[in-house]
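All remarks here apply to the structure that follows.
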There are 2 protein chains.
Amino acid sequence: MALMAQKDTAKSILDSAEELFSERGFAETSLRNITTRAGVNLAAVNYHFGSKKELIQAVFARFLTPFCDDLGKALRGYEHGLAGKSPELGALLRLLAETSMAAGGGNARRLGIFMRLLGLAYSQEQGHLRKFLRNQYGAVFERYMQLVTAASPELSDEERFWRIHFMLGATVFTLSGVESLTAMAQHDLGVSTGIDGVIDKLVPFLSSGFQAPHQD
Amino acid sequence: MALMAQKDTAKSILDSAEELFSERGFAETSLRNITTRAGVNLAAVNYHFGSKKELIQAVFARFLTPFCDDLGKALRGYEHGLAGKSPELGALLRLLAETSMAAGGGNARRLGIFMRLLGLAYSQEQGHLRKFLRNQYGAVFERYMQLVTAASPELSDEERFWRIHFMLGATVFTLSGVESLTAMAQHDLGVSTGIDGVIDKLVPFLSSGFQAPHQD
DNA sequence: GTTGGTTTTAAACATACGTTTAAAACAACA
DNA sequence: TGTTGTTTTAAACGTATGTTTAAAACCAAC
């Protein structure tokens, strides 16, 4: 009996799938695209992952599982450090940004790729994915949202709901396209900003927007 | 010789394509899906539009052509009203919001649909679409951008570049999902906001974010 | 009613997809 | 070395797609 499974094949498939999905979407990426780039046999996907759907979920799981673990720990640490004081939005945003940057082993490019995947998960009709993500990772994000609520008692629930989604949109959209956007900035303005630089610019924008004066 | 072409078929196809594309994306929507819903023959798409690619472009053109015409006129009017004074960001945002709402004949649902299509155009690999949109409608948006620049002389080009994309992201993301988001708000909070209400909340958020204090 | 251009139709075409199969190659242990 | 379970492989399967074809239906003008 063989004990060691070679993870090379499965890992190559995940790597290729991650990139191709983020570049072209799920439906536009065929298993043949993926296996060709990975240099493995077509049937290997079904052997290792079962189906294309399960491969898609595995791509998300490989990123999100360590990320949500880290975020959970960071939240626990932050909550403990509060000692009764109420949380602050800027700190919560920076905490999220740092956890994101840390995930993927500090590989900035990979964060961009994953943000694009997240955007796709929202925009493409992949019912199974939405369900999978909610069931698997919903709890951590609810905890985060409770802290955001505590950090903004002056907002009505409705106002807060929308502003959170405004922030989410600005973040996902910008970081998804961070590669083409930085290229555009380089070409048009002659400046070059890395993804961490973009996040540095994003946080004040989000803070200001979220805490904007509002009329009701 | 027959003079009058019946536009019923082409219009039905555009209507169905618009909805289906926005729900499931381009690749996930087949011509058979479209023609079945439209109640026309499969071959009618190729007859009236040439190919699926050209149908996609036609869907965008039907919305964007009148929209950009309106926006061009509104910009001319606004520039004229300035009389030398420098433009103001809030006014520019409201102008854009009103033109958007007006397009599609005040049909709010259609604006949501179209925002989802715009998001897809950004996120899916549809090289022909990006080129088509830039060639066809790029000029108006460049004029708009020049006004935004004049309205924010305190920002560096780089800072402005990123903040514009933060605004774009918040807008596209939120308005794309406005149907499911309002449903979510209704379910979780018991409040019901129409798309114009969302835009009313969006504008102060964007203004505040765009004009946030920044360090360099 | 016949004509001539336009539009619609059903059927077929070629191609690409996800998945399955069964044989081959491989690796660890007896 | 032979055996056993795992992994890889090439080939095929069934299905769905976008597109093309050629005949039919249609409709206004003569």
Side-chain angles (χ1 to χ4, degrees), chain A residues 1-60 117 120-121 124-129 132, chain B residues 1-60 117 120-121 124-129 132:
Chain A
M1 131 180 25
L3 287 184
M4 279 297 300
Q6 291 182 238
K7 312 224 80 179
D8 279 12
T9 300
K11 180 177 181 322
S12 306
I13 292 174
L14 283 175
D15 289 341
S16 306
E18 187 174 282
E19 292 219 352
L20 287 172
F21 284 151
S22 85
E23 288 170 12
R24 343 217 283 217
F26 303 115
E28 296 89 338
T29 303
S30 72
L31 296 187
R32 285 169 176 84
N33 291 155
I34 295 169
T35 52
T36 299
R37 173 180 293 209
V40 305
N41 187 273
L42 166 63
V45 170
N46 295 63
Y47 177 76
H48 285 281
F49 299 95
S51 68
K52 187 180 182 179
K53 280 186 184 182
E54 288 167 286
L55 170 62
I56 294 174
Q57 295 176 2
V59 166
F60 277 84
L117 289 176
L120 287 175
Q124 311 222 161
E125 184 81 349
Q126 295 280 349
H128 69 101
L129 229 188
F132 172 78
Chain B
M1 133 182 16
L3 287 184
M4 279 296 301
Q6 290 183 240
K7 311 224 81 177
D8 281 13
T9 300
K11 180 180 181 322
S12 306
I13 292 175
L14 283 174
D15 290 340
S16 306
E18 186 174 284
E19 292 220 352
L20 287 171
F21 284 152
S22 85
E23 288 170 13
R24 343 216 282 218
F26 304 115
E28 297 89 336
T29 304
S30 73
L31 296 186
R32 285 167 176 84
N33 291 153
I34 296 169
T35 52
T36 300
R37 173 180 291 209
V40 305
N41 186 273
L42 166 64
V45 170
N46 292 297
Y47 177 76
H48 285 280
F49 299 95
S51 67
K52 187 181 182 180
K53 281 187 184 181
E54 289 167 286
L55 170 61
I56 294 175
Q57 296 175 1
V59 166
F60 278 83
L117 288 176
L120 287 175
Q124 311 221 162
E125 184 81 350
Q126 295 281 349
H128 69 101
L129 229 188
F132 172 78

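Chain identifiers are assigned alphabetically (A, B, ...) following the order of the sequence lines, protein sequences preceding nucleic acid strands; residue numbering begins at 1 within each chain. FYI, side chains are in, hydrogens and waters are out, and symmetry mates aren't considered; it's all heavy atoms of this structure. Predicted model only: the values in this text are computed from it and were never measured.
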query: Who pairs with A:L42 by side-chain contact (heavy atoms from CB on, under 4.5 Å), at least two apart in sequence or on another chain?
result: A:L31, A:R32, A:T35
- prompt: Who passes side-chain contact (heavy atoms from CB on, under 4.5 Å) against B:R37, sequence neighbours left out?
  reply: B:S16, B:E19, B:L20, B:E23
- request: Rounded to the nearest angstrom, tell me the gap between atom CD1 in B:I13 and atom C1' in D:dT19.
  value: 14 Å
Between protein and nucleotides 19-21 of chain C, what N or O pairs are separated by less than 3.5 Å?
| unit_1 | atom_1 | unit_2 | atom_2 | d |
| --- | --- | --- | --- | --- |
| C:dT19 | OP2 | A:K52 | N | 3.0 |
| C:dT19 | O5' | A:N46 | ND2 | 3.4 |

- prompt: Whole Å only: how far is the CG atom of B:N41 from the C1' atom of D:dG18?
  reply: 14 Å
field: Short side-chain N/O contact from A:T9 to OP1 or OP2 of D:dT7, under 4.0 Å
entry: no
message: Just to verify, what does A:A58 make a side-chain contact (heavy atoms from CB on, under 4.5 Å) with, not counting sequence neighbours?
response: A:L14, A:F49
- prompt: Below 4.0 angstrom from OP1 or OP2 of D:dT8, is there any side-chain N or O of A:H48?
  reply: yes
task: Mind checking side-chain contact (heavy atoms from CB on, under 4.5 Å) for B:Q57 and listing every partner two or more places apart, or none if nothing turns up?
output: B:H128, B:F132
message: Over all strands shown, is A:T35 touching base, sugar-phosphate only, or nothing at heavy-atom distances under 4.0 angstrom?
response: nothing
- line: Rounded to whole Å, CG of A:N33 lies from P of C:dA16 at a distance of 11 Å
- prompt: Side-chain N or O of B:S30 less than 4.0 angstrom from OP1 or OP2 on D:dA16?
  reply: no
statement: Applying side-chain hydrogen bond (donor to acceptor under 3.5 Å, both in side chains) to B:N33 and not counting sequence neighbours gives B:R24, B:S30
Between C1' of D:dA16 and CD of A:E28, the distance in whole Å: 16 Å
task: Any chance you could measure B:L55, atom CG, to B:F21, atom CZ, to the nearest 0.5 Å?
output: 5.0 Å
